[in-house]
Amino acid sequence: MAELKIYNSLTRQKEVFVPITPGYAGMYVCGPTVYSDVHLGNCRTFISFDVIFRYLKYLGYRVRYVRNITDAGHLEGDRDEGDDKFSKKARLEQVEPMEIVQKYTIGFHQVMKLFNNLPPNIEPAATGHILEQIEMIKHILKNGYAYEVDGTVYFDVEKYDKEKPYGVLTNRKLEELLEGTRDLGGQDEKKGRLDFALWIKARPEHLMQWPSPWGMGFPGWHIECSAMSEKYLGKKFDIHGGGMDLAATHHTNEIAQSEACYNVNPANYWIHTNMLTVNGARMSKSAGNGFLPGELFSGDHPLLEKAYSPMTVRFFMLQTHYRSTLDFSNEALQAAEKGLKRLWEAFRNLDRLYRQSDQFPAVASDSETENRCLEWIAGFDASMNDDFNTAKVLANMFELAPVINGLKGGQLSRDKISKATLELLYRQFNTYLTDVLGLTEDKDVDNGRLDKVLQLLVEIRKEARQRKDFSMSDKIRNELQQQGIILKDEKGGGVSWSIE
RNA sequence: GGUCCUGUGGCCGAGUGGCUAGGCAGAGCUCUGCAAAAGCUCGUACACCAGUUCGAAUCUGGUCGGGACCUCCA
């Protein structure tokens, strides 16, 4: 099999993936800050990495996928002072901060499940790793890359940059970064404008605080990922991922922390997923243009014309490469909904053909059709190996759909492709659709009883049609359609049905 | 201002120096009692201006437009 190539943000080029330990892959992805509902933009990132996780497994790697829950230390502003997001929200809702954390963690997991994202292998929380974070800060202090001011510990960026380029990830020089920094005013206790807090002194009334060598306080936002990734994946692991917005600050600081502590860049491959936009502007919590998954599934949002299922949204996202921005619109979602429906229809037809695979010859009568199919099938792996090009995989599936539907509907004779090719097609189509891309069929109503009832109605309608009693047959079909059940008369006299 | 990304047919979106992805919408046809579904056919798109080249939407330079990051956000 061809090699997997990954676009590495660190080197700004595609590189062949070579794991540190053959057969194993370690991946750390920055998870959500659970002080409010995740919006669709957050979901896009996690869906992208879910597919990457799934594909690595498909390739046979034993993957350890770690995705953290940020439940402490994430501050409101850029001043390294004031409340963290949890305490603020807790005050607002008059509950414990951990109630906020619990509520939105559960919500996050529910949404992930609806999108059919596999759970990570480890999902560590920042509050559960205070000790590890303190140890790491102590280590950085000992190495001389941090300093304490009145109970708060800062990372010394300018000192660090003298030995290692601070802005490697975003390809920026320290001087440029310093120019872009806002003057924070005279009362700043930091030595350098780019210095960031590793540990923050807590005021007495602060709701979340822990004892430390520097007094009561709480960890800075960036140290948790460094400490937890080291704990579960080691000082050096294969893949570190997250949204593109995290590269300039969060990931840059993570690299600095690990370098200052262990003298190593924590990850070989840095993967950054692009933003979801609305009318060309980034979807974000602070901009107020965020869609909540729930609003999408119910259609309850002023900008939405109708509800869209989780799988429609997942498919919509997979039609675009993860490194491109994706613009969110009704038109695009409706197109995705119809496209996905067509794909499932083709898969159902393929499933039926597969069960009749004995009707297919050992050698295809039409080598051109046969070979084209084989190329499209091989294209699944080839596309994914090229930096996880899910859009191309789906395009190949759509290329195969007319062949499948043609074989099923009789427009294409069944000797056109060989039994072996049909079976390969079924296996790969099935594996990719459900295992690699993680799509499941939206079935709100489906059970054996409904099937029996429909078979009865189909039978009655068939008899009516034989009598040329078309008013009766149309009545059955139309009334069912009112309920969202579509009857389709097939060529050989059979009838199939699908639910809208 | 700095760093970087991007500009593809009505819409969404892949992409390689030459062989015009794909989806949705639209038109015609086949099939059908009528439909639906399905199948077949149809759009010669690649911001603009130069340059490199036998040949560029794909490479280089410039112009214009859009966006991200530099401040919390996946």
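By convention in this document, chain letters (A, B, ...) are assigned in the order of the sequence lines, proteins followed by strands, and residues within each chain are numbered from 1. All of these numbers come straight from a predicted model, not from anything done at the bench.
Environment of NZ in A/Lys306: crowded, with over 12 heavy atoms of neighbouring residues, nucleotides or ligands closer than 6.0 Å.
Distance CG (A/Leu353) to P (B/rA38): 15 Å, rounded to an integer number of Å. Rounded to whole angstrom, the span from the NE2 atom of A/His321 across to the C1' atom of B/rG15 amounts to 12 Å. Atom pair A/Met283:CE and B/rA68:P shows a separation of 13 Å (rounding to whole Å applied). Counting to the nearest Å, the P atom of B/rC5 and the CD atom of A/Gln13 are 13 Å from each other. Residue A/Arg172 contributes atom CZ, which lies 14 Å from atom P of B/rG1 at whole-angstrom precision. Taking atom CG on A/Leu174 and atom C1' on B/rU3, their separation rounds to 14 Å, with Å as the unit. Straight-line distance from the NZ atom of A/Lys468 to the C1' atom of B/rC34: 12 Å, rounded to whole Å. In this structure, A/Leu412 places its CG atom 8 Å from P of B/rC40, rounding to the nearest Å.
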Between the protein and nucleotides 22-25 of chain B, list every N/O to N/O distance that falls short of 3.5 Å.
residue: B/rA25; atom: OP1; partner: A/Lys338; partner atom: NZ; Å: 3.2

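Using P as the reference atom, B/rA21 and B/rU3 are 37 Å apart when rounded to the nearest Å. Between the C1' atoms of B/rA36 and B/rU30, the separation comes to 15 Å (whole Å). Comparing the C1' positions of B/rA68 and B/rC11 gives an interatomic distance of 24 Å, to the nearest angstrom. Atom name C1', nucleotides B/rG65 and B/rC72: the rounded distance is 29 Å, in whole Å. Atom P of B/rG13 sits at a distance of 15 Å from the matching atom of B/rA47, rounded to the whole Å. When the P atom is used for both B/rU6 and B/rG17, the distance is 15 Å, rounded to whole Å. Atom P of B/rG62 sits at a distance of 14 Å from the matching atom of B/rG2, rounded to the whole Å. Atom C1' of B/rG15 sits at a distance of 15 Å from the matching atom of B/rG23, rounded to the whole Å.
When the side-chain nitrogen and oxygen atoms of A/Thr33 are compared with OP1 and OP2 of B/rC72, none of them lie within a distance under 4.0 Å. For B/rA14, one of the phosphate oxygens OP1 or OP2 lies less than 4.0 angstrom from a side-chain nitrogen or oxygen of A/Ser324. Remark: A/Asn478 is not in phosphate contact with B/rA35, judged by side-chain N or O atoms under 4.0 Å from OP1 or OP2.
The distance from atom CZ of A/Phe360 to atom CG of A/Leu407, rounded to the nearest 0.5 Å, is 5.0 Å.
Checking A/Phe196, A/Phe155, A/Tyr154 one by one against A/His222, the ring pair (Phe, Tyr, Trp, His ring centres under 6.0 Å) holds for a single residue, A/Phe196.
Distance from the side chain of A/Thr249 is smallest for B/rC72 among the nucleotides B/rA14, B/rC72, B/rA74. Comparing atom distances between the A/Arg461 side chain and each of B/rC34, B/rA68, B/rA36 picks out B/rC34 as nearest. Closest to the side chain of A/Asn405, from the set B/rC12, B/rA14, B/rA38, is B/rA38.
Residue contacts shown for A/Asn389 are limited to sugar-phosphate atoms, with no base heavy atom under 4.0 Å away. Nucleic acid contact for A/Leu276: base, since at least one base atom lies under 4.0 Å from a heavy atom of the residue. At the heavy-atom level, A/Gly290 lies nowhere under 4.0 Å from the strands shown. Heavy atoms of A/Ala346 sit nowhere under 4.0 angstrom from any nucleic acid atom. Using a 4.0 Å heavy-atom cutoff across all strands shown, A/Thr273 reaches no nucleic acid atom at all. Looking at heavy-atom distances under 4.0 Å, A/Gly242 makes contact with sugar-phosphate atoms alone, never a base.
In this structure, A/Trp344 and A/Phe347 have perpendicular ring planes: the angle between them is above 60°, well past the 30° mark. Relative ring orientation between A/His251 and A/His240 is described as perpendicular, the plane-to-plane angle rising above 60° on a 0-90° scale split at 30° and 60°.
Comparing A/Lys488 and A/Arg465 along RNA chain B, the residue whose closest nucleotide (by nearest heavy atom) sits nearer the 5' end is A/Arg465. Checking A/Phe328 against A/Gln481, the closest nucleotide of RNA chain B that is more toward the 5' end is the one next to A/Phe328.
Within the cation-pi definition used here (under 6.0 Å to the ring centroid, within 45° of the axis), A/Arg323 qualifies as a partner of A/Tyr7.
Applying the ring-ring contact (aromatic ring centres under 6.0 Å, His included) criterion to A/His301, with sequence neighbours excluded, gives A/Phe291. With sequence neighbours excluded, the residues satisfying side chain to side chain contact (heavy atoms under 4.5 Å, CB included) with A/Glu15 are A/Asn8, A/Thr11, A/Gln13, A/Tyr269. A/Phe108 meets the ring-ring contact (aromatic ring centres under 6.0 Å, His included) test with A/Phe46; sequence neighbours excluded.
With pairs defined as Watson-Crick or G-U wobble and both atom distances under 3.5 Å, the stems of at least three pairs that touch RNA chain B come out as B:1-7 with B:64-70, B:10-12 with B:22-24, B:26-30 with B:38-42, B:47-51 with B:59-63.
We find that the ring of A/Phe470 and the base of B/rG33 stack, their centres lying under 5.5 angstrom apart and their planes tilted less than 30°.
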Please list, one pair per line, the donor and acceptor atoms closer than 3.5 Å that link side chains of residues 110-121 of chain A to other protein atoms, with sequence neighbours excluded.
residue: A/Asn116; atom: ND2; partner: A/Gly438; partner atom: O; Å: 2.8
residue: A/Asn117; atom: OD1; partner: A/Arg314; partner atom: NH1; Å: 2.7
residue: A/Asn121; atom: OD1; partner: A/Tyr65; partner atom: N; Å: 2.7

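Residues A/Ala401 and A/Arg342 approach most closely at CB-NH2, 4.1 Å, considering heavy atoms.
Checked by distance alone, A/Asp474 brings a side-chain donor or acceptor within 3.5 Å of a matching partner on the base of B/rG33. Between the base of B/rA35 and the side chain of A/Arg477 there is a donor-acceptor pair shorter than 3.5 Å.
Remark: side-chain polar atoms of A/Ser9 are paired, donor with acceptor, to backbone N or O of A/Trp270 under 3.5 angstrom.
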